[in-house]
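Have a look at the structure below, then the notes.
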Number of protein chains: 2
Amino acid sequence: MATERIDATLTIAETSELTGLSPSTLRYYERIGLIDGVQRGPDGRRRYQAADLAWMAFLLRLRTTGMPIQGMLAFAELRRGGDATVRERLELLRRHQAQVRRRYEAVMRSLDAIDKKIGHYERLVEERDGDSGREA
Amino acid sequence: MATERIDATLTIAETSELTGLSPSTLRYYERIGLIDGVQRGPDGRRRYQAADLAWMAFLLRLRTTGMPIQGMLAFAELRRGGDATVRERLELLRRHQAQVRRRYEAVMRSLDAIDKKIGHYERLVEERDGDSGREA
DNA sequence: CCTTGCGTTGAAGCGCGCTTCAACTCGTAC
DNA sequence: GTACGAGTTGAAGCGCGCTTCAACGCAAGG
C-alpha cells in the first residue's frame, strides 16, 4: 500500500495487460503515430489514460478485421484533424466495412468447400473402419 | 494453329492465368514442397495437369481461409503419405475449420463495433449538415 | 553504498510469403 | 546466323508487423 497512485493513469505494463498489446507494440504504435498524446510521469515514463485505452480498443477492432497499419494510420491522422474530418473518417470506415464483408464472404465460400472435403474424408474413414460405429 | 498441343497439359503461364497464382509463386510452392510431381516437357518446362490444378484450387481455399504455409505443407506431406494418413488429414482440416469459425466470430464482433461507430459518425454528419437531407 | 525492477531510446533483427534479379537454355521466326 | 519470347535456376531482396537488443536512467529497498 506504500506506492499507491492517486490519479487514474496506467503504466505501460498495466496497459499491456489490459489491451493484450505488448509494451513493445505500444511503443511501436506510438512511434509510428498510431497512438499519440501519451502523458509522461515526472520520471519520464508513460502514463496511459482511459481515453488512450478506448482508442487502443478501437485500433484493435480495426486490426482484428484485417485493416493494415497504413489504414489505421490514415484514420489516426484524420482523427488528429478534428471535427473537419468526420466525413472522411466515415468514408474510410465504410470502405473498410464493405471490404471486410466481401472478404468474409470469400472465406465462407472456401470454408464451405473445406467442409465438403471434411465430409468426404469422414466417409472415407468410416468405410475404412467398417460401419460398426466404434470399437473397444 | 501451327503449335497446337495434343495433350491436356498447361504451361506455367496458362496455369498462372487460371489459378491467379503468379508463375513465381507456382515455382515457389513447388520448391518448398506444396506442389509436387509436376511433369516436364521434352524442353524441360513445366506442364501442369488437371490434377495439379485441382490441388492448387484446394490450396487456395486453405490460403483464403487463413491457413499459414506451414499448415498447408503439413497437409501436403500427409497427402504424400497416401491412404494411411486420411485420419490425420481429417483432423488437420477439422482443427482448421474450428479455428476459422472462431476467428470469423471475433471478426464479426469487431465489425459490429465498427458498424456502431459508423452509425455514430453518420449522426454527427447529419447534425452538422442540418436536417435538410441534401443541398444544391 | 549497490542491487533490483521497471522503464526509456534508437537501431537492428526476424518470420512470413512471396517477388525480383541475373544468368542461362530452348525452340521458332526471320 | 541472329534475335525473340517463354521458360529455367539459385540467390537475394522486400514489405509488413512487430520483437529483440544494447545501453542507459531512476527510484526504492536492504
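FYI, side chains are in, hydrogens and waters are out, and symmetry mates aren't considered; it's all heavy atoms of this structure.
The local environment of CD in B:Glu17 is sparse, with at most 12 non-hydrogen atoms from other residues, nucleotides or ligands closer than 6.0 Å.
Inter-residue side-chain proximity for B:Arg61 and A:Lys117 is flagged as unmet; no heavy-atom pair is nearer than 4.5 Å.
Between A:Phe75 and A:Phe58, the ring planes are tilted. Angles from 30° to 60° get that label.
Between A:Arg46 and C:dG7 there is no side-chain polar atom (N or O) within less than 4.0 angstrom of OP1 or OP2.
Closest non-hydrogen pair, A:Leu111 versus B:Val100, comes out as CD2-CG1, 3.8 Å.
Between A:Arg94 and B:Glu122, at least one side-chain N (NZ, or NE/NH1/NH2) sits under 4.0 Å from a carboxylate O, which counts as a salt bridge. Taking a cutoff of 4.0 Å between a charged side-chain nitrogen and a carboxylate oxygen, A:Asp115 and B:Arg101 qualify as a salt bridge. We find that A:Glu30 and A:Arg40 are joined by a salt bridge, their nearest charged nitrogen and carboxylate oxygen being less than 4.0 Å apart.
In this entry the distance linking CG of A:Leu26 with C1' of C:dT8 reads 14 Å, nearest Å. The separation between B:Tyr48 atom OH and D:dG7 atom C1' is 11 Å, rounded to whole Å. Atom CG of B:Asp43 and atom C1' of D:dT9 are 15 Å apart (whole Å). Across the protein-nucleic acid pair, A:Ile12 atom CD1 and C:dT9 atom C1' stand 12 Å apart, rounded to whole Å.
Overall, the helix from C:dC1-D:dG30 to C:dC30-D:dG1 carries an axis bend of 30° between its ends, with five pairs at each end and the value rounded to 10°.
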Does the protein touch nucleotides 13-25 of chain C at the base, only the backbone, or not at all? Give it as B, S and - per nucleotide, heavy atoms under 4.0 Å. ----BBBB-----
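Under a 3.5 Å cut-off, the side chain of B:Ser16 and the backbone N or O of B:Ile12 do not form any donor-acceptor pair.
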